[in-house]
Amino acid sequence: MRNEERSTVHLPPLFPPSDALVVKLLAYREYYVMKFTTFTPDPVLNPNDFIMVAIYGPSCELAYIRTSKDAAWTHIPSLLDAYYSDVLYYNDTFYALYDKGGLVAFDISEDSSQAQPIMKLIVRNRMTPAEENRYVCRRYLVESYKGELLQVQRYRESRVAHVTKEFKVFKLSFDQSQWVEINYLEDEALFIGDSTSVSVDTSSTSTQCQSNCIYFVDDKDTIGFDVGPLDCGVYNLKTRSFSVFSVLM
């Protein structure tokens with residue numbers, strides 16, 4: 001086996017040490033870093049020079065850092081009155097999803113001298129009839145292996161009930177600036193969760209994933225810090241049914 005050189009990048013703290021909220025919630029600090037996404041302009045020549053965007057804090061705000069030039073994290077103000085739910089680097093642009101379905105795009109380039117990135121509103125916040133009657137516990141951004149930008153909505157009966165009841169998938173229509181619901185993923189499976197969300201081509205012989213299915217894990221939420229991974233499984237988008245997934249060894 002070939003030995004590969006590995007290096008460690010030390011980042012400044014996301015939470016200021018003097019932050020009173022952090023001092024109060026010190027034992028639960030890791031629960032308030034919700035999501036990271038990174039982009040490395042030149043992963044071969046400069047693998048340690050990258051841009052990282054994080055969703056953090058009890059209000060789920062955005063911050064970014066460029067390891068090649070920034071000594072501290074930069075907070076990104078929100079365009080809409082809502083929390084951020086997910087962030088993804090897609091087609092040379094960062095996209096951030098709000099918990100009410102709104103979507104913004106922004107660019108953070110290495111050579112930019114602007115203190116704040118220019119935020120562009122792609123989709124406004126909008127609650128569908130299904131969302132108004134049921135609790136959407138999470139929204140995820142996924143880049144389809146076909147190159148489409150997808151949003152996955154995860155439904156539970158309430159904030160207390162820790163059991164997923166349904167998923168809905170939407171494709172972004174850039175021409176119409178809106179999310180369009182899709183009911184079939186064809187030869188595709190989605191893996192969603194707090195760590196990352198990915199799309200898999202199920203027609204490939206290298207995978208044993210089921211087509212038209214969503215594989216999901218129990219997200220780290222802040223409702224009960226001591227709750228373990230209970231809500232995991234596979235959801236078939238066509239039959240609207242659940243099954244338990246097995247680990248392939």
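Quick caveat, the model's predicted, so the values are computed rather than measured.
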Exercise for review: Output every pair passing salt bridge (charged side-chain N to carboxylate O under 4.0 Å, His left out) with a member in residues 77-86, not counting sequence neighbours, ordered by first then second residue.
Suggested key: K35-D86
Point to revise | Over all atoms of both residues, closest heavy-atom pair of C213 and N236 | key: SG-ND2, 3.7 Å
Study note, to complete from the structure: Residues pairing under salt bridge (charged side-chain N to carboxylate O under 4.0 Å, His left out) where one sits in residues 141-152, two or more places apart or in two chains, turn out to be K146-E186, K146-D187, E148-K171
Practice item. Apply side-chain contact (heavy atoms from CB on, under 4.5 Å) to V163 and list each qualifying residue two or more places apart in sequence or on a separate chain. Key: K165
**Study point:** Side-chain heavy atoms of Q210 within contact of Y215, under 4.5 Å
**Key:** yes
Point to revise | F167-F216 aromatic ring centre distance below 6.0 Å | key: yes
Point to revise | Y135 vs Y155, side-chain hydrogen bond (donor to acceptor under 3.5 Å, both in side chains): CA-CA, chis, key distance, verdict | key: CA-CA 6 Å; Y135 171 52; Y155 289 82; over 6 Å; no
Review point. Taking only residues two or more places apart in sequence or in another chain, which ones pass side-chain hydrogen bond (donor to acceptor under 3.5 Å, both in side chains) with T164?
Key: R154, D231
Check your understanding: Y89 pairs by ring-ring contact (aromatic ring centres under 6.0 Å, His included) with which of Y95, Y64, F106, F39?
Key -> F39
Check your understanding: For the side chain of N212 and the backbone of L185, is there at least one donor-acceptor N/O pair under 3.5 Å apart?
Key -> yes
Check your understanding: Residues two or more places apart in sequence or in another chain: which of them pass side-chain hydrogen bond (donor to acceptor under 3.5 Å, both in side chains) with D70?
Key -> R66
Review point. S199: what forms a side-chain hydrogen bond (donor to acceptor under 3.5 Å, both in side chains) with it, not counting sequence neighbours?
Key: E188
**Study point:** Verdict with reasoning, Y98 to Y83, per ring-ring contact (aromatic ring centres under 6.0 Å, His included)
**Key:** CA-CA 6 Å; Y98 287 95; Y83 294 164; 9.8 Å; no
Point to revise | Option passing side chain to side chain contact (heavy atoms under 4.5 Å, CB included) with V53 (candidates L88, V87, I65) | key: V87
